[in-house]
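Report on the structure given below.
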Amino acid sequence: MKLWQKETSVAQNVEKFTVGKDAEMDLQLAPFDVLGSLAHTRMLESIGLMEPEDLAAVQCELKEIYKSIERGEFEIEPGVEDVHSQVELLLTRRLGEAGKKIHSGRSRNDQVLVDLKLFIRHEIRLTVEAVHTLFTTLQELSEKNKDILLPGYTHLQVAMPSSFGLWFGAYAESLVDDLQLLQAAYKISNKNPLGSAAGYGSSFPLNRQMTTDLLGFEALNFNVVYAQMGRGKTERSVSMGLASIASTIGRMAMDVCLYMSQNFAFVTLPDELTTGSSIMPHKKNPDVFEIMRGKCNRLQALPTEIQMLLGNLPSGYHRELQLLKESFFPAFTEIRNCLEMMTFMLPHLKLNQDILKDEKYQYLFSVEVVNNQVLSGVPFRDAYKNVGLAIEKGEFERPEKVNHTHEGSIGNLCTAEIKGLMDEVLSGFRFEKVDKAIAELLA
């Protein structure tokens with residue numbers, strides 16, 4: 001029977017329509033449901049709602065269930081509604097009356113909320129680690145290739161000299177800002193809703209600060225109504241952080257596709273990392289980056305999808321919030337796949353080291369010549385006019401080299417400073433506090 005079921009059975013077509021993919025999605029919440037129950041039952045014993053011997057038995061069995069989840073042996077049985085019901089069913093089978101006591105002082109509403117918060121916290125950490133790995137790769141490639149010049153464009157027209165050092169380094173710094181946005185979402189997620197029950201609290205004298213500390217949360221969702229309002233808002237906030245990362249990855253994927261075109265010929269890939277054509281023998285297609293671009297575009301649509309689901313909901317819980325899982329859960333795997341493939345592919349790019357020798361790029365250096373005249377004492381507007389007239393008459397001569405020295409320019413990439421920004425962002429997640437709390441909970 002379901003946790004809420006009395007004597008009446010639900011029609012099978014209603015059951016099928018309302019449950020949907022819940023069981024499949026809930027398997028991903030299983031370890032976090034157990035962690036929530038470990039904390040909740042310790043709190044129940046502290047306020048006299050569970051006997052010490054019952055707590056000891058429940059804690060032992062919950063840790064065994066957690067181990068079975070880690071081994072991949074846990075499953076939601078046919079007819080069991082969700083992960084919460086399955087865990088409670090296992091405890092009741094093994095412990096009898098003690099297993100029936102674990103739901104005191106909570107609802108499935110705050111139970112799934114705390115599961116989601118713990119799941120999101122875990123998935124964000126894995127994502128941050130993947131971002132950091134790509135960031136490090138980008139910085140290494142930036143330094144390695146800082147002396148290889150390529151044209152910079154505005155309006156897709158040849159503009160001014162750039163470099164592969166700048167190109168790789170730009171995307172590294174972009175990831176810093178992406179993680180700042182994701183960190184804001186992490187802080188929203190890292191608050192404890194447990195004890196809000198169905199959204200209106202409980203008449204039991206719950207110790208919500210105790211479960212907050214046990215689970216390593218940074219703070220409480222204090223107001224019980226707002227704790228329930230966080231369902232959906234949390235997912236939307238996190239999806240915006242993921243979308244920001246996706247925007248950076250998708251844009252770089254587009255650059256690679258463009259740069260691999262024969263019309264640009266800035267980079268190439270080994271044959272084994274490209275695909276061919278069924279009728280054109282010469283083709284080398286950047287399919288990995290095209291698929292990556294598409295996945296990232298889809299991820300950028302996720303915040304809008306979530307907002308459309310939330311847009312006309314009043315306060316309180318509503319069943320369609322379950323639908324969020326179907327799009328939101330896979331987003332973490334999707335973004336990490338893109339991050340990992342980008343990290344794998346970029347070191348295999350073969351860079352054209354002689355791009356700017358092509359005559360069509362000679363006017364790329366017009367600003368260099370203007371600036372050189374200004375440095376010799378010519379007013380800027382006169383220098384600009386001089387160079388413009390030289391170009392019109394076909395008398396323009398390009399300089400042999402560029403000399404950019406200010407912070408963040410071709411000759412001064414500020415790689416160490418950008419790494420310092422990333423280190424500061426990473427330290428702000430405070431993952432070590434979570435590690436300590438979870439380790440103690442499972443000890």
Side-chain angles (χ1 to χ4, degrees), residues 138-174 248 250-270 273-274 282-286 289-290 293 342 345-376 378-415:
L138 286 166
Q139 285 219 306
E140 290 171 354
L141 290 169
S142 177
E143 281 296 310
K144 179 182 177 182
N145 301 292
K146 62 185 177 183
D147 295 324
I148 305 176
L149 298 182
L150 76 159
Y153 291 81
T154 62
H155 308 275
L156 266 183
Q157 306 297 304
V158 172
M160 292 177 64
S162 182
S163 70
F164 280 104
L166 276 179
W167 183 64
F168 286 118
Y171 284 105
E173 188 170 353
S174 181
T248 295
R251 194 169 192 176
M252 190 170 203
M254 177 60 209
D255 276 357
V256 175
C257 292
L258 199 67
Y259 292 175
M260 273 192 67
S261 163
Q262 290 89 340
N263 299 85
F264 285 79
F266 296 168
V267 301
T268 58
L269 279 169
L273 300 183
T274 63
H282 67 283
K283 291 295 290 298
K284 286 177 61 175
N285 301 322
F289 291 101
E290 291 173 352
R293 183 176 60 195
M342 186 65 87
M345 294 292 285
L346 288 180
H348 290 92
L349 285 177
K350 298 177 181 178
L351 312 183
N352 181 349
Q353 303 202 23
D354 300 314
I355 299 169
L356 299 193
K357 290 183 179 179
D358 192 309
E359 194 61 28
K360 67 174 173 278
Y361 297 123
Q362 66 168 325
Y363 297 137
L364 194 73
F365 298 89
S366 66
V367 179
E368 301 296 312
V369 177
V370 170
N371 290 348
N372 287 340
Q373 289 190 20
V374 171
L375 287 170
S376 67
V378 179
F380 178 82
R381 284 301 167 201
D382 292 341
Y384 179 91
K385 186 175 181 180
N386 293 340
V387 174
L389 290 172
I391 290 172
E392 286 182 4
K393 295 176 182 178
E395 298 172 354
F396 177 79
E397 294 184 8
R398 59 193 285 177
E400 293 297 319
K401 60 180 181 179
V402 297
N403 183 35
H404 297 188
T405 59
H406 67 74
E407 296 93 332
S409 64
I410 292 173
N412 184 5
L413 296 176
C414 293
T415 303

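Since we're looking at a predicted model, the values are computed, not measured.
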So CD1 of I410 and CG of D147: to nearest 0.5 Å the spacing works out to 10.0 Å

Looking at E395, I'd like to know if its CD atom is crowded, meaning that more than 12 non-hydrogen atoms belonging to other residues, nucleotides or ligands lie closer than 6.0 Å. yes

Closest non-hydrogen contact found for V369 with P399 is CG2-CD, 3.8 Å

By salt bridge (charged side-chain N to carboxylate O under 4.0 Å, His left out), K360 pairs with (sequence neighbours left out) D358

| Do the non-hydrogen side-chain atoms of L349 and Y259 ever get within less than 4.5 Å of each other? | no

d(S162 OG, L149 CG) to nearest 0.5 Å is 8.0 Å

(message) The test is side-chain contact (heavy atoms from CB on, under 4.5 Å); show your working for N285 and T274 and say whether it passes.
(response) CA-CA 5 Å; N285 301 322; T274 63; 5.7 Å; no

Below 4.5 Å, heavy atoms only, C-beta onward: do L356 and P151 meet side chain to side chain?
yes

One should read off an interatomic distance between R398 CZ and E359 CD, to the nearest 0.5 angstrom, of 6.5 Å

Value for CZ (F168) from NZ (K146), rounded to nearest 0.5 Å, stands at 14.5 Å

**Item:** Residues L150, I148; criterion side-chain contact (heavy atoms from CB on, under 4.5 Å); working and verdict
**Value:** CA-CA 7 Å; L150 76 159; I148 305 176; over 6 Å; no

Any non-hydrogen side-chain atom of V256 less than 4.5 Å from a side-chain atom of M345? no

ask   = What about F264 and Y153, are their ring centers closer than 6.0 Å?
value = yes

Heavy atoms of C414 and G408 approach each other most closely as SG-N, 3.4 Å

Q | Step-by-step side-chain contact (heavy atoms from CB on, under 4.5 Å) determination, K284 to L269 | A | CA-CA 8 Å; K284 286 177 61 175; L269 279 169; 5.5 Å; no

One should read off an interatomic distance between L364 CG and M160 CE, to the nearest 0.5 angstrom, of 8.0 Å

Counting only heavy atoms not in Y384, do more than 12 fall under 6.0 Å of its OH? no

request  = Kindly indicate whether the side chain of Y363, heavy atoms from C-beta on, has any atom under 4.5 Å from the side chain of V158.
outcome  = no

### Message
Measuring only between side-chain heavy atoms, which start at C-beta, is L156 closer than 4.5 Å to L258?
### Response
yes

Under 3.5 Å: donor-acceptor pair, side chain of Q139, backbone of T415
yes

Check whether any side-chain heavy atom of M342 lies under 4.5 Å from a side-chain heavy atom of F289, and answer yes or no. yes

Closest non-hydrogen atoms of I355 and Y361, given as atom of the first, atom of the second and distance, are O-CD1, 3.3 Å

Heavy atoms of V402 and F365 approach each other most closely as CG1-CE2, 3.7 Å

In short, S366 meets I391 closest at the heavy-atom pair CB-CD1, 4.1 Å

All heavy atoms of A383 vs all of Q373, minimum pair found to be CA-OE1, 3.5 Å

Taken to the nearest 0.5 Å, the spacing of W167 CH2 from L141 CG works out to 9.0 Å

(message) Pair Q353, F164 - check side-chain contact (heavy atoms from CB on, under 4.5 Å), show working.
(response) CA-CA 10 Å; Q353 303 202 23; F164 280 104; over 6 Å; no

